[in-house]
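The next block holds one structure in the form of structure tokens; read it before the comments.
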Protein chains: 2
Amino acid sequence: MTGNSPDFTVSLRAAGLRPTRQRVALARVLFEGGHRHVTAESLHAEVKATPMPVSLATVYNTLNQFRDAGLLREVVVAPGRSYFDTNTGHHHHFFVETDGELHDFPSDEVTIAGLPAPPEGTRLSRVDVIVRVRR
Amino acid sequence: MTGNSPDFTVSLRAAGLRPTRQRVALARVLFEGGHRHVTAESLHAEVKATPMPVSLATVYNTLNQFRDAGLLREVVVAPGRSYFDTNTGHHHHFFVETDGELHDFPSDEVTIAGLPAPPEGTRLSRVDVIVRVRR
DNA sequence: CAAGAACCTTAGAACCATTCTAAGTTATTG
DNA sequence: CAATAACTTAGAATGGTTCTAAGGTTCTTG
Ligand SMILES: [Mn+2]
Ligand SMILES: [Mn+2]
Ligand SMILES: [Zn+2]
Ligand SMILES: [Zn+2]
């Protein structure tokens, strides 16, 4: 270890996942920079160009595992395709419908008041605000 | 016309669509009662049991046409499947993740304050609030 | 009321994102 | 080092949706 990149081996193990070369490669692409929104296809295209290419099946498996482990959150804004979000904190999204781009905005700038009580027998899971815009 | 059911012929024509038997049958199922949330499959299952069954292809075509004409609104809450909503006014949704149910709530009970400005070069299209709950 | 033109419906094929299968590989543990 | 459990992967399968192309319906015009 050269000492200047986060140790994904540790975080993967902490998440109950073996730090395989493929998972470490994907973790690097996903978490090394700032927050990101990727699709399986876009992530696959990116990782294919690295010294550790990963099959599309593994990209799907890994995105689902990372999501289940709480390392990613899944965002559904458009029919037929899922986005995965490296920002797992509280925040909301702009969705640019004309080109499929997602942008974060912090949820503490926004006040949502007067939400009705959840239907009988249900408990709150999450509140998503999606601001749809077009160019 | 017996006089007690809305004249879908007129509203379809007003929307620029020929009032075919299939479209009238679907309009009846969709708009005759209160507001509804359907999927293509659920609507197809329903209309199959009527005196005017309609093919699945036509159900898809019609849902898309009704949406484009502003008679329906499409709601995307879960990967892999679209809901169509007969309530085209301002409102938001509870989504019961454990069983795929959608419920409306009026948007005028809710206050959303402090939304950031849309990204440069975009204009607001719609704000969706999805309250995800589980049983 | 024709009759033509435009539009619509439909079965089945195609499509595309995602998941599954099953065979080989790798990481972990002792 | 095994031995074992976990992982990766190509390719097949799945499932929702769209497309194709052939036949049917609705509309317009005379
Ligand atoms: Mn999934
Ligand atoms: Mn559509
Ligand atoms: Zn985000
Ligand atoms: Zn609704």
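None of the values given here were measured: they were computed from a predicted structure. Each chain gets a letter, A, B and so on, in the order its sequence line appears, and its residues count up from 1.
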**Message:** Pair A:R81, A:E41 - check side-chain contact (heavy atoms from CB on, under 4.5 Å), show working.
**Reply:** CA-CA 10 Å; A:R81 151 176 271 119; A:E41 286 291 350; 4.2 Å; yes
**Prompt:** Considering only heavy atoms from C-beta outward, does the side chain of B:E109 approach that of B:H92 to under 4.5 Å?
**Reply:** no
**Asked** Atom CG in A:L43, atom CG in A:L26: separation rounded to 0.5 Å?
**Response** 5.0 Å
**Message:** Let's go through B:L72 and B:Y83 carefully: what are the C-alpha distance in whole Å and the side-chain angles of both, what is the deciding distance for side-chain contact (heavy atoms from CB on, under 4.5 Å) to 0.1 Å, and is it a yes or a no?
**Reply:** CA-CA 10 Å; B:L72 289 177; B:Y83 289 78; over 6 Å; no
Please state how far atom [atom1] in [X] lies from atom [atom2] in [N], giving the value in whole angstrom units.
| X | N | atom1 | atom2 | value |
| --- | --- | --- | --- | --- |
| B:L17 | D:dT26 | CG | C1' | 13 Å |
| A:H44 | C:dT19 | NE2 | C1' | 15 Å |
| B:R23 | C:dT10 | CZ | P | 11 Å |
| A:L56 | D:dA12 | CG | P | 15 Å |
| A:K48 | D:dA10 | NZ | C1' | 14 Å |
| A:E41 | C:dC15 | CD | C1' | 13 Å |
| A:R81 | C:dC15 | CZ | P | 17 Å |
| A:N64 | C:dA17 | CG | P | 16 Å |

**Asked** Is any side-chain N or O of A:Y60 closer than 4.0 Å to OP1 or OP2 of C:dT18?
**Response** yes
**Asked** Of the nucleotides D:dT18, C:dT19, D:dT9, which one has an atom closest to the side chain of A:T58?
**Response** D:dT9
**Asked** Taking it one step at a time, do A:T62 and A:Q22 satisfy side-chain hydrogen bond (donor to acceptor under 3.5 Å, both in side chains)?
**Response** CA-CA 9 Å; A:T62 303; A:Q22 291 86 344; over 6 Å; no
Dump the pairs, protein N or O against N or O of nucleotides 26-29 of chain C, anything under 3.5 Å, distances to one decimal.
from	atom 1	to	atom 2	distance (Å)
C:dT26	OP1	A:R21	NH2	3.2
C:dA27	OP1	A:R21	NE	3.4
C:dT28	OP1	A:R13	NH1	2.6

Polar pairs (N or O, both sides) under 3.5 Å between protein and nucleotides 20-23 of chain C?
none

**Request:** Could you say whether B:G80 or A:P53 is positioned toward the 5' end of DNA chain D, judged by the nucleotide with the nearest heavy atom to each?
**Result:** A:P53
**Request:** Mind telling me whether B:H37 and B:H93 have parallel, tilted or perpendicular rings, with 30° and 60° as the class edges?
**Result:** perpendicular
**Message:** Would you call the rings of A:F105 and A:F94 parallel, tilted or perpendicular, taking 30° and 60° as the class edges?
**Reply:** tilted
**Request:** Please lay out, stage by stage, how B:H91 and B:R73 fare under the test side-chain contact (heavy atoms from CB on, under 4.5 Å).
**Result:** CA-CA 11 Å; B:H91 71 284; B:R73 131 178 178 187; 3.7 Å; yes
**Asked** Reckon B:T39 touches a base, only the sugar-phosphate, or nothing at all at heavy-atom distances under 4.0 Å?
**Response** nothing
**Which atom of B:K48 lies closest to which atom of B:P53, heavy atoms considered** = O-CB, 4.0 Å
